[in-house]
Amino acid sequence: MRKAQIFRTALEAVLLSTAATADQSCTKETFSDLSLSGGEILDIAAFAVNNFSLPADPSLAVNHYPEAVTGLSACGVNVTYTHAGQNDTINTWVWLPEDWNGRLMGVGGAGWRTGNYWAIPHAASKGFAAVATDGGHYAEIDPSTVDRNTWGLKSKGNVDWNLLQDFASITLDDAATLGKAAAKAFYGESVKRSYWNGCSTGGRQGHMMAQKYPHQYDGILATAPAINWERWLLNNAYTQSFAAVNDAYTPLCELNAFQAAAIEACDEIDGVKDGIIMDPDSCSFDAATVVGQSYNCSTGPSGTLSSKGASVFTVATSPFVPEDSSLVNGRPFAYGLELGSALWAVANTTCVYGANETSVTCTRAPFNVSIEWIQNYLAKDASFNVFNLTHPDYETLFRQSIDQYSSIIGASNPDLTEFKKAGGKLITWHGLADEFIPPNGTIEYWEKVQRQDPEVDDYYRLFSAPGVGHCFSTNAPGWYPGDVLDALINWVEGGVVPDTLEAKTVGLAKERSANLCKWPKRLIYEGGDGDLASSYSCA
Ligand SMILES: *[C@@H]1O[C@H](CO)[C@@H](O)[C@H](O)[C@H]1NC(C)=O
Ligand SMILES: *[C@@H]1O[C@H](CO)[C@@H](O)[C@H](O)[C@H]1NC(C)=O
Ligand SMILES: *[C@@H]1O[C@H](CO)[C@@H](O)[C@H](O)[C@H]1NC(C)=O
Ligand SMILES: *[C@@H]1O[C@H](CO)[C@@H](O)[C@H](O)[C@H]1NC(C)=O
Ligand SMILES: *[C@@H]1O[C@H](CO)[C@@H](O)[C@H](O)[C@H]1NC(C)=O
Ligand SMILES: *[C@@H]1O[C@H](CO)[C@@H](O)[C@H](O)[C@H]1NC(C)=O
Ligand SMILES: *[C@@H]1O[C@H](CO)[C@@H](O)[C@H](O)[C@H]1NC(C)=O
Ligand SMILES: *[C@@H]1O[C@H](CO)[C@@H](O)[C@H](O)[C@H]1NC(C)=O
Ligand SMILES: *[C@@H]1O[C@H](CO)[C@@H](O)[C@H](O)[C@H]1NC(C)=O
């Protein structure tokens, strides 16, 4: 690792020295030649960014440990354009740092956001020319506002297909093109290497780039990817509908107690009692067996684990399989959360407690992206009631969703031939305690690619992260790989092939480390101090 770091620094020095002939005039005129095939530039604004700072924020730390941005100087460029005939208006943002490392970074979005504006300074402060896009719809630049899909329908019954395609893929390609062109105009040199960095929606987008635009990025870091978008969102919503139809809205505190019981039951299978189920597939926990046990709550009265709560927990942690049990290509429609994952992202509720625990009443607090997917894109009616749909209704929705949207937004085409030919490298990891996106979907995709090309490891590597939640999670106990961007750069530029990913716990009293394994290998405890990476191996 040390050697690789030194190499990287030396390479940066080379890149920097070749980038010396910059014009570096941060004015609109510098960028007046920007153009885009299929796009019509409507407006360009350039502005100096001086001594910019942002506090460390775990929710903004895309694929790195939380760190603050300080003293950043850059040239910001806003490019506004439309695709002729499509009546869309897209804003693409580029920040060109004073201390450029010769590279471009495209930063991904989250939820419905095509790009995360506040991730741009993080990339720029590491020396990258950084680009992101709003995809032609609301971008939540003001973090006090909420990311809702108000743009999916032109009118009841009419999906805005152009905006959907803009979100799914097209504006990501545009952003890479515009980012490269803006860097060239400003620095007077072409970008030497281009990288994608995203998690969740950003992870889906990274996979999309490798599939649809295999020449844009040399290296792609695309983690906890929301691939299979048209499927996993439905299983997330199904837990909510199930609770509604069965009058089973359960206090989150009770669901957390089921999670704790699952961890208690399976924690030691891997040989270390640390709150982490290293291999959830080896755990067979039946929530019904703990019904009747008491639990304590910090947010409300304590209570007794109920059979209704057990049924919600079981639905959330089970794959969605059609009732006639015929699987789709040998796979379920969608996977469940792995045992050990938190339940708040699929089964959260808002509860009002009376004078005693028997008078608690709970209502839904769903993950709205999944609800809005059904309303806008399947029912095509923004006020459609999702909460009385049953299992057979969901089977129908799954088939419709796959038929209409898989090729648009699924990002699950296993043919990465062009990306491989272009010399691209893609790293993904997925937390095995991901509370939003089941890791099995990512495993399924990697295995599909591998079936097409046994040499998949040459360009696409998947690592599993036991006990890690979605993207970045301070409340999950697992080993978080926060330095993967370095590993990717070293692979692309130095040929240093990543066999494992260094990872460590975040926010625990005592830091623990482990080297995450490349799928299909799994982390195994070999004995000794369970806090040390040397006590684990991959098998
Ligand atoms: C840069 O910003 C920091 C904190 O915001 C401030 O303390 C410092 O004085 C600023 N430096 C300059 C040169 O303006
Ligand atoms: C550039 O876009 C950002 C994000 O929308 C906005 O806050 C900023 O005011 C814009 N700057 C200019 C000069 O248009
Ligand atoms: C174009 O979009 C705007 C809103 O962005 C809308 O008001 C207008 O009606 C649209 N025009 C057409 C022709 O669809
Ligand atoms: C809940 O708290 C009570 C009182 O502190 C304690 O006696 C009991 O063992 C706790 N129950 C559980 C399941 O943790
Ligand atoms: C994940 O995939 C494994 C292997 O196919 C399967 O045994 C397991 O049930 C799946 N887990 C969930 C929660 O869907
Ligand atoms: C669960 O939902 C409640 C009510 O909407 C909300 O206040 C709380 O933040 C949610 N909990 C989590 C962990 O998201
Ligand atoms: C709890 O409160 C409800 C109504 O508020 C009442 O009917 C019930 O008897 C109470 N139960 C206990 C155990 O006090
Ligand atoms: C989800 O949608 C519902 C219904 O529109 C709304 O009341 C709720 O505030 C939304 N939740 C979040 C977290 O935005
Ligand atoms: C579901 O709810 C909608 C609106 O509340 C209602 O019109 C419809 O009849 C309900 N469907 C079922 C199967 O209950």
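All values below were derived from every heavy atom in this structure, side-chain atoms included, with hydrogens, water molecules and symmetry-related copies excluded. Order of listing sets the numbers, starting from 1, for every ligand and every atom in it.
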Nearest to [atom], what protein heavy atom do you find, and at what distance?
atom                    : result
atom 13 (C) of ligand 2 : F47 CD2, 3.6 Å
atom 11 (N) of ligand 1 : N51 ND2, 2.8 Å
atom 7 (O) of ligand 2  : Y117 OH, 4.4 Å
atom 14 (O) of ligand 5 : G336 N, 3.3 Å

Determine whether the aromatic ring centres of W95 and W100 lie less than 6.0 Å apart.
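That pair fails the under 6.0 Å test.
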Would H207 and Y460 count as a close aromatic pair, with their ring centres under 6.0 Å?
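So the answer is yes for these two rings.
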On a heavy-atom basis, I'd like to know which of N78, D43, I141 is closest to atom 10 (C) of ligand 2.
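Minimum heavy-atom distance to atom 10 (C) of ligand 2 goes to N78.
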Taking the minimum heavy-atom distance to atom 8 (C) of ligand 5, which of V321, T317, L339, N440 ranks first?
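Selected option, by shortest heavy-atom distance: N440.
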Using a 4.0 Å cut-off to any heavy atom of [X], which atoms of ligand 5 qualify?
X    : answer
L337 : 13 (C)
Y335 : 14 (O)
P319 : 14 (O)

Is a side-chain donor-acceptor pair under 3.5 Å present for [Y] with [X]?
X    : Y    : answer
E372 : W112 : yes
T80  : N91  : yes
S370 : W232 : no

Verify atom 5 (O) of ligand 5: protein non-hydrogen atom under 4.0 angstrom away
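Given the 4.0 Å cut-off, atom 5 (O) of ligand 5 does not count as touching protein heavy atoms.
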Counting distance only, does the side-chain N/O of T171 pair as donor-acceptor with the main-chain N or O of D174 below 3.5 Å?
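No: the side chain of T171 does not pair with the backbone of D174.
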Is there a donor-acceptor contact under 3.5 Å from the side chain of E338 to the main chain of P438?
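Checked: no pair found.
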Going by the atom numbers of ligand 2, which of them fall below 4.0 Å from some non-hydrogen atom of A45?
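So the atoms of ligand 2 that pass are 13 (C), 14 (O).
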For W93, atoms of ligand 2 separated by under 4.0 Å from a heavy atom
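Near W93, the atoms of ligand 2 are 2 (O), 4 (C), 5 (O).
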Got a salt bridge between R399 and E395, using NZ or NE/NH1/NH2 to carboxylate O under 4.0 Å?
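Yes, this pair counts.
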